[in-house]
Structures are given as structure tokens and as C-alpha cells.
Protein chains: 2
Amino acid sequence: MVEPAALEAKAPESVSELIERLDGIADMLPKRLGQCAEFLRHNIHLVAVSTVADLSAGAGVQPSAFMRFCQALGFSGFSQMQALFRAEYREFRPDYAERLSQLRTRGGEGPGWLAANFAEAGHKSLVFLMNDLDSGKLAKAAELLASAGTVHLVGLRRAFAIVSYMGYLLDKMQVPTVIHRTSAQIESDHAIRPGDALFAVSFKPFSQETLSLAASVADRGIPVIGLSDTEDGPLSEAATVLLVAREVDVGAFRVPTAALTLATSLAVAVGQNRESAD
Amino acid sequence: MVEPAALEAKAPESVSELIERLDGIADMLPKRLGQCAEFLRHNIHLVAVSTVADLSAGAGVQPSAFMRFCQALGFSGFSQMQALFRAEYREFRPDYAERLSQLRTRGGEGPGWLAANFAEAGHKSLVFLMNDLDSGKLAKAAELLASAGTVHLVGLRRAFAIVSYMGYLLDKMQVPTVIHRTSAQIESDHAIRPGDALFAVSFKPFSQETLSLAASVADRGIPVIGLSDTEDGPLSEAATVLLVAREVDVGAFRVPTAALTLATSLAVAVGQNRESAD
DNA sequence: ACGGTTTTGGAAGATTTATTCTATTTTTGC
DNA sequence: GCAAAAATAGAATAAATCTTCCAAAACCGT
């Protein structure tokens, strides 16, 4: 490889910059260096805590190849690249770990300890969300809801909080929205008309009412967007698009962090889609 | 220092275990080793990405002192201790960074990008929560709610999702609970009686209805536990205990991740307090 | 204040880890 | 299919990092 001196002259100064460059040159990299790029793409977080030997082994190349890869990225060597990741790491979690471990060890019970556990579970849930998220599905869901006349929301028990927050957001963005099954049985299913869409939220153990509403609406050919904590639950049959948000439990309890994050993203996307359509 | 051979024989096998041992021996450590312990307590997250030279400099001691410190903890040396942290690091963020950066760099808009931003904001909110959390206040709040006859909840607009999830949890744990201001104005403030307690949630811009309910209840000498996104808002006057959960915004929007996590912790703590009181 | 014990600082030694070099293989252009 | 260029593997070298050692200092009980 001939290095285009002018172009690669300076090393990336942040991880984002690095990834940008990585994507830029990934296609024109020779075989072994390509392996390095591929491996890095999927294991970029390992750089901060690994040696070249580890990483090159992971990528299935010789240490020297990985070395050349670092230089192709514009670094003087591996160490300079690693320094970037270590710096970012130090910044990203100021002293959360400290706080967490203090709360965790001091006693091992009490509300503070609980909060620490829920917070840690929340972190993990968000990680899972980002790993599993199918942004194509999310985009499709946003599209369906954006083109609906009225957005109908349904979700009971633990799912109700999700639905109510989504209702709040949609209303704030002036999207016509109705939350179903709140007070008694007043809201008739017939309020959901062709041209509308239904957003149904249900987690294990599924609430029969939500499922049957989703099923009957789907039968009438109206789009149903589902949100659940599993791919293959009963919602998957009725739903045109099924979004999944797994949560990490703390004992018998959970905070629906991932679901709420996903639902909020969806609501905002719907609002933006509508706006640009006007 | 004489090492009590039998006791310190084996090295900690997890970070929690390490911290436990650290707290156990912290008091009986000589000066320099004590400095190491103190520094580690506050910068424990640095171990994964630093050298002994870095850490010993941070603690203000010689590298050899830090070395002895590691051994006092039961490790063969610094490397063994560091391996622990690196292993935990690898687990804790599987490949979230990868996912995030992919979504972040690919395009820079669309629902997937939104979700990535909200997820990142969620992480930060949880970090702030753990840093700012006053576990004494949280315990006090749990105590007040646990000793109340009926727990009354109020929160409108964006706060309603928090309140409804908390209501769900408390109900599930058989704590007598009422959510106020849902359907019309039917629920009279007079339903809140001496011996009860009110949990009021309100974020900027504050909802007048929530505030006035909280104020009138507080006037009658009934405990009010507040949850807000700021320390010095109008809720601080009425509230016996005020909990704070700051959230990181994404543009004009936010996911109430921290507030929901805090509220859930509180609800579970209340449930546990009640149970043990029965 | 003294002798024994513990702790410390600094430097020397051992080990791991990063980096470079070169012969060999693979690819590329013609 | 051949020559030139590029890329690679593996070993050799250089650098950094960890670890041990020991003389000097601080501490402690008497």
C-alpha cells in the first residue's frame, strides 16, 4: 500500500473520527488489513483493554498485520490508537462505577442498593436494545404510524406507562391520538377506523384484552404495530411490525427502560414524519 | 505487615469481592497503602485502562507501594488485579459501543439514529442518577410511604407515566394505592386523610394542579414525597422529602429513564418495608 | 532512648508488549 | 505468463511495564 501522504497525515483524534476513517478506507484495504477492520468494527470496545496480540489473534492475523492496520488508519502505532480509547473510556463513566460499588457493598440492601441494581439493569437493557434493534423495522413502524389518520394506543398493566408516555408525546406533537381501555370499556373498538393504525404494547404474561383488540383490528386490515419483550409471543401474529425491547430484571421486578426508550424514539420519529409530510 | 496466610490466601474473583476485601482491611493499612486504598475507592474504574505507574502517581506513592497494596489485597500482583477489571469491562459493555457508533455514523438521521441518541442519553441519565442520589433521602421516602395507610400518587403530563408505573408496582405488592387526577376531578382531595402519604411527581414546567394538591396536603400535615428534575423548584416547599432525577435531553425530547428507575426503586423499597412490618 | 519490627523509596531485574525488519508469498498490470 | 509492486508471516529488536529486592527510614513497645 502506498500511503497518500497528504491525506493520512494526521491521526484521528476521537473514536468517532476513527470510525469515520475506517469506513472510508475499509473497501480498499488488502485482505489481512480488511480482516482487522472487520474485527474492529464488531469489537471496537475491546481496544481499550487489549494488547495487539489479543486483537490480532481475534482478527486472525499476525501482530505485525494489525500494526500496519493501525498505521493505515493514520496512527503512529497501536499505542497511539489505544490511548484514544482509554481517554474516551475515562471520560464516559466519570465515577459511576465508584458510586455503584459503594452503594452495592455498603450493606447490600436498602433503597440505595436497590437503585444501584436497577440502574445497572437499565444500562444493560439499553445495551441490549442497541444490539438487537432492527432500525429497518423501527423505520417501517414510524412510517405506518405517521401515515395513519388517528394513532390508537393500547397497553395495560406494566405496559400502560409506556403507552401513556407515548400518548403524551404524540399529543404534544399534535398527532391525533387515542389511548384505549382506560376508563371502563367506554372506548369502542369501532372508534378505530380504516386509515388509522394501532400501537399495541404487551409483555409477558400477556394481557388478553390487549391481544384481542390487536387481533380484531388486524382482522379488519388495519395496521398494527406491536411492542413486546419477546419476538415470538402472541403479539407477533396480529402485528404488521413487531418491535422488541428486552429488559433486565432485578429479582422479580423491572424498569421498562428499553421499552420506554424505544417507544419515545418511535413517537418522535412519527412526529417528524408527519411534520415533513405537511 | 505480617500476612495472615490463611485469610488472604486466595485472590478476589470479582470486583465486588475485591471491594469487600478493600473495605475490610482499609483501616489497618499502613500510610502509603492506605493512600492506595483511598485512591482506588474513588477511581476504581481507572484500573482497567491504566498502568501501575499511572495509578501510583495518582495515589501519590511509589509504584512499589502500589504493588504491595495489590498483594495485600490477595493478588499475586497488579496484573492479576487488572485482569479482573478488564474481564468485567468486556462483559459489561458487550458491543454497545459498536452498535451505537454504527448508527451514529450511518447517515445521522432516521429512527435508528434517534434511538441511539435516546439510548446514549439514557446511559448518561443513569450515571447522573447514581452520582447525585442521596440514599438517605431515598430511605426516608420509602419509610414515610411504607408507614402510610394509603399511598396517594399524583403526576400529570410527562409525569403521569412515572406515577402510573409506580401505581402498578405498588398495587402488585398489595400496597393500598390511589392515582389522583385521572378521570375528571372525581377524586376529591379529601380522600387523602391523616395517616396517608402523597407522592407527587412534577417536572419543569410544573403543572399547577400537582403543585396545589401537594401544597394543600402538606398544609394538613400529611407527608409529601416529591420527585422532580430540579432541587429548587416549587415542589421543594411542599415536600417533606424531595427526590431529584435529572434527565439528559435529546433535542426537545427526553425519556424519563432516571425518574422511572428512581420511582421503581422507591416502590420496591416501600413494598419490602411493608412486608417486613407485617 | 534502645533494639527489633514494619514500612518505605528507589533502583535493578524480569517479563510482557509494541514495533520494525526482511525474506517470502501473493497480487497486479501488462 | 512474466516482472514489478504490494502484502504477509515470522522472527528480531526495542520499549514499556511489572515485579522484586534491599538499604534506609519510620515506627513501636519497653
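Here the structure is a predicted model, which means the values were calculated and not measured.
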Rounded to whole Å, how long is the line connecting atom CD of B/Q80 with atom P of D/dC18? 14 Å
I need the CD-C1' distance between A/Q82 and C/dT17, as an integer number of Å. 10 Å
Pair B/E231 + B/K137, salt bridge at N-O below 4.0 Å: yes
Separation between CG (A/L266) and CD1 (A/I225), nearest 0.5 Å, reads 7.5 Å
Report yes if a side-chain nitrogen or oxygen of B/Q71 is closer than 4.0 Å to either non-bridging phosphate oxygen (OP1 or OP2) of D/dT20; otherwise report no. yes
Measure the distance from CE on A/M67 to P on C/dT19 and round it to the nearest whole Å. 3 Å
Once you round it to whole Å, what is the distance between P of C/dT19 and CG of A/L55? 12 Å
Nearest-angstrom distance from the residue atom CZ of A/R68 to C1' of C/dT25: 12 Å
With heavy-atom distances below 4.5 Å as the criterion, would you say the side chains of B/T230 and B/R246 are in contact? no
Just N and O in the side chain of A/Q62: are any of them under 4.0 Å from OP1 or OP2 of D/dT8? no
Of the listed nucleotides D/dC18, D/dA9, C/dT8, the one nearest the side chain of B/L33: C/dT8
Would B/F69 and B/F78 count as a close aromatic pair, with their ring centres under 6.0 Å? no
Can you check the B/R86 CZ to C/dT16 C1' distance for me, whole Å? 12 Å
Figure out the CZ/P separation between A/F75 and C/dT19, and round it to whole Å. 12 Å
Of D/dC18, D/dT8, C/dG9, the nucleotide closest to the side chain of B/F78 is D/dC18
Looking only at side-chain atoms of A/S64, point me to the closest of D/dT19, D/dA9, C/dT8. D/dA9
Using only heavy-atom distances, decide whether a donor-acceptor pair under 3.5 angstrom links the side-chain of A/S79 to the base of C/dA18. no
Per A/R32 side chain, nearest of listed nucleotides D/dA9, D/dT19, C/dG10: D/dA9
Strictly below 4.0 Å, N to O, side chains only: are B/R254 and B/D249 in salt-bridge contact? yes
